[in-house]
Structure formats: structure tokens, C-alpha cells
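Only one structure is covered here, and it is reproduced in the block below.
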Amino acid sequence: MTQAILALHGGAGTIARQRMTADKERAYTDAIAAILDRGQALLAEGAAALDVVTRVVELLEDCPLFNAGHGAVYTSEATHELDAAIMDGRTLAAGAVAGVRSVRNPVLAARAVMLDSPYVLLAGEGADAFARERGLVLVDSAYYGTPERLEQLRRMQREGGMKLALDHDGADRVAQAAANSASAPLDPDSKHGTVGAVACDVHGHVAAASSTGGMTNKRPGRIGDTPIIGAGCYANDRTAAVAATGTGEAFMRGVAAYDVSALMEYAGLSLRQACERVIHEKMPALRGSGGLVAVNARGEVAMPFNTEGMYRGEVRPGSAPVVSIYR
Ligand code: ASP
């Protein structure tokens, strides 16, 4: 039997050391460890990788610390538009939604697109309508927001006009953010706060899922890499399952998640070599900052990032979760 594994990320970005406290750091590491525990239990029961990543991303969406679902960042018009994707490495089946505004858990909508429609990607009102028809839980858009996220938008608009930001970056804003009692170990103004999970189950099948509110102050209608199969999310049993976080435009231009798979399939690179090539060579050349988590069907894992930190963790059945933020 394969050595099953689950790995997840909660976004990458700049470390806000000045305002970091042990309590805040613990809030993040505890949240990640608790979610890894839930995923581990599923893996140990023999659950399919697809079901494990679905559940794990759902839990990350429900946690306000991360930029997905409850806690998603705001657009420039102080609204929310969420993106999510899921892919099954066993069959290459995939589903995604972009710009949804009323689905409580966008990853469940992405999964419904995959399992219950002839499509791969649904966007905007049509995606919300599809989720409604499929009986998914809908919410008022106020559900997504938090006071901290709104303040993050207002601060960015005061400072930078049309500037948009990843969810955990902005060392230049550290001083201001120091006053923010909700501040996090990674600077919330510059962090890429997307969430993602990858898993290899006991049968040696892999799957990946990603979900995000996108980038703070993004123009309504902007779609990043997260719901684009091959850019922010990809899974193939023959190579790897990959979930990325970072400057979406660069990850799309570099077809980052698929590039990991292609480097393994066509150039014979190992999982680690392929992930490092993409994150440390290819993305910087496109001015892409961020990272990814990846596993293969042998249960190997890689979690490279080119930012100062990335909220991340991994767990295998029978062993304790390992959670990290910094290098
Ligand atoms: N990749 C996401 C996007 O561009 C942002 C993130 O990872 O935080 O929408």
C-alpha cells in the first residue's frame, strides 16, 4: 500500500516580524494542525484523495484566518468574488468556479461542476445559479467579509490607489499593520492567502483542490490562477497533484501547476526538482511570487515557496502533523 499523505497551504507572503506574537502564530499553526488532523482521519479510514482534499479545503474556507470562503479579501468595490478548483489525478476529471458571490464553499461548487456537469469551468452568475440548483449552501456576501479584511482594502486604497495585493505581503506596511490587533505572522496586506490541499490516498491516487478570494483591491471580474486548471491547480496520478498560491497572473502565464507535471513527465525530473524549478526559476523570471504544495502517487511531498513564508503543513496516517510558516 502507498504511503498516504496530505499537504496543505494557507497562502505565502512577507513575514511581519515586528508585529508577530506567539499567540498569533499559534492561532495559525493550531488551525492548520486541527485541519490536518481531520484530513489524516479521513486518509486513515481509506478515503479517496479527492474526498480528502475537498473536505480539507472546505475547512480552510470556513476558517477566517485564510483568504477563501469566510475571510475572503475584498474587490476594489468592496465586494467578494471567489474562485475554486478541484482535480482528480486518477481520471484527470476537473471542475472549477470563478467569480462566485453567494456559494458558502466554492470548492463544493467546483466539485459539483466536475461530478455533476459536462463542464470544467463555470463563472459568475451562472456558477452561482448552478450551485443553487445543486442545493449547495448559499450565503449573503456579508458572510465572506471580516472587519480586518475591510480595513486591509481601505488601507490599500488610501495608500496605493489602484494597487492590488496578495493577501500576505507588504513589508512597507508593517508599521501600520502593527496597530492592527488581528495581524498575522505573514503580513496580511501582501500575503497570497489562497488555500490549497493535495493528497495521495492509500490506493496511490492523487488529487488537488484550491480556493481563494483572489487579491485585495482586484477589479471586479478579475480571475486569477486558482480556478484555471494547470495554472493554480493540477493533478495527475502519473506525475503529481499541485496546488499553488501567489501572483495569479504569473502563475497563469507560466502554467505553473501543469509545468510541474510536464517537467516530471517529459523531462524526467523528480517531484522536488520540478517544483523547485517552477518556484525558484520560472516564477521569478515572470515576477511571480508565491509557492505551492505537491505530492506524487508514491507519497512524496514538496512545498517550495519564493516568499519569506508560507503557511503550510503535512501529515501521514499514524504520525503527528508538521506545520510551518517560515523557511
Ligand atoms: N493566486 C491567487 C490569485 O491570484 C492569490 C493568492 O494566492 O493569494 O487570485
Side-chain angles (χ1 to χ4, degrees), residues 11 53-54 57-58 60-61 66-88 93-134 136-139 141 143-145 149 164-167 192-197 207-235 242-258 288 290 292:
V53 297
T54 304
V57 169
E58 206 184 333
L60 288 163
E61 288 176 337
F66 304 106
N67 167 21
H70 180 45
V73 299
Y74 286 85
T75 69
S76 59
E77 291 180 5
T79 55
H80 294 280
E81 296 184 358
L82 291 83
D83 305 331
I86 189 162
M87 186 158 182
D88 185 350
V97 290
V100 294
R101 303 176 75 143
S102 64
V103 187
R104 178 186 155 120
N105 290 102
V107 71
L108 297 183
R111 184 182 163 111
V113 171
M114 177 177 95
L115 296 178
D116 201 14
S117 90
Y119 313 116
V120 168
L121 173 61
L122 289 177
E125 281 174 20
D128 280 306
F130 173 80
R132 188 167 53 242
E133 280 165 30
R134 292 299 180 277
L136 296 184
V137 178
L138 303 183
V139 289
S141 67
Y143 164 81
Y144 302 125
R149 294 295 190 207
L164 69 158
L166 292 156
D167 180 48
H192 313 298
T194 295
V195 304
S210 291
S211 181
T212 190
M215 290 165 58
T216 300
N217 205 28
K218 69 181 180 183
R219 186 189 173 94
R222 179 266 185 188
I223 294 168
D225 60 314
T226 305
I228 306 299
I229 298 301
C233 183
Y234 189 74
V242 181
T245 176
T247 39
E249 282 67 14
F251 281 71
M252 284 190 274
R253 290 163 56 219
V255 201
Y258 178 71
L292 57 78

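Note that this is a predicted model, so its numbers are computed, not measured.
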Checklist entry - Any donor-acceptor pair under 3.5 Å linking the side chain of Lys218 with the backbone of Glu81? => result yes
Checklist entry - Side chain of Arg134, backbone of Asp116: donor and acceptor closer than 3.5 Å? => result yes
Kindly give the heavy-atom pair with the smallest separation between [X] and [Y], and that separation in Å.
| X | Y | answer |
| --- | --- | --- |
| Ala235 | Ala207 | CB-CA, 4.0 Å |
| Thr75 | Pro220 | OG1-CG, 4.1 Å |
| Ala250 | Gly288 | CB-CA, 3.4 Å |
| Ala96 | Pro227 | CB-O, 3.2 Å |
| Gly213 | Val73 | O-CG2, 3.5 Å |
| Tyr234 | Ile229 | CD1-CG2, 4.2 Å |

Please round to the nearest 0.5 Å and tell me the distance separating atom [atom1] of [X] and atom [atom2] of [Y].
| X | Y | atom1 | atom2 | answer |
| --- | --- | --- | --- | --- |
| Asn217 | Glu77 | CG | CD | 10.0 Å |
| Ser76 | Met215 | OG | CE | 12.0 Å |
| Thr54 | Ile86 | OG1 | CD1 | 3.0 Å |
| Ser210 | Ile228 | OG | CD1 | 11.5 Å |
| Thr216 | Tyr74 | OG1 | OH | 10.5 Å |
| Arg104 | Glu58 | CZ | CD | 8.0 Å |

Any non-hydrogen side-chain atom of [X] less than 4.5 Å from a side-chain atom of [Y]?
| X | Y | value |
| --- | --- | --- |
| Arg149 | Asn67 | yes |
| Arg101 | His80 | no |
| Val97 | Val103 | no |

Checklist entry - Under 6.0 Å between the ring centres of Tyr144 and His70? => result no
[X]: which residues meet the side-chain hydrogen bond (donor to acceptor under 3.5 Å, both in side chains) condition with it, sequence neighbours left out?
| X | value |
| --- | --- |
| Asn105 | Glu61, Asp62 |
| Ser141 | none |
| Thr226 | none |

Item to check | Qualifying residue, where the test is side-chain hydrogen bond (donor to acceptor under 3.5 Å, both in side chains) with Thr194 and the options are Asp83, Thr212, Asp225 | outcome: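 Among the candidates, only Thr212 passes.
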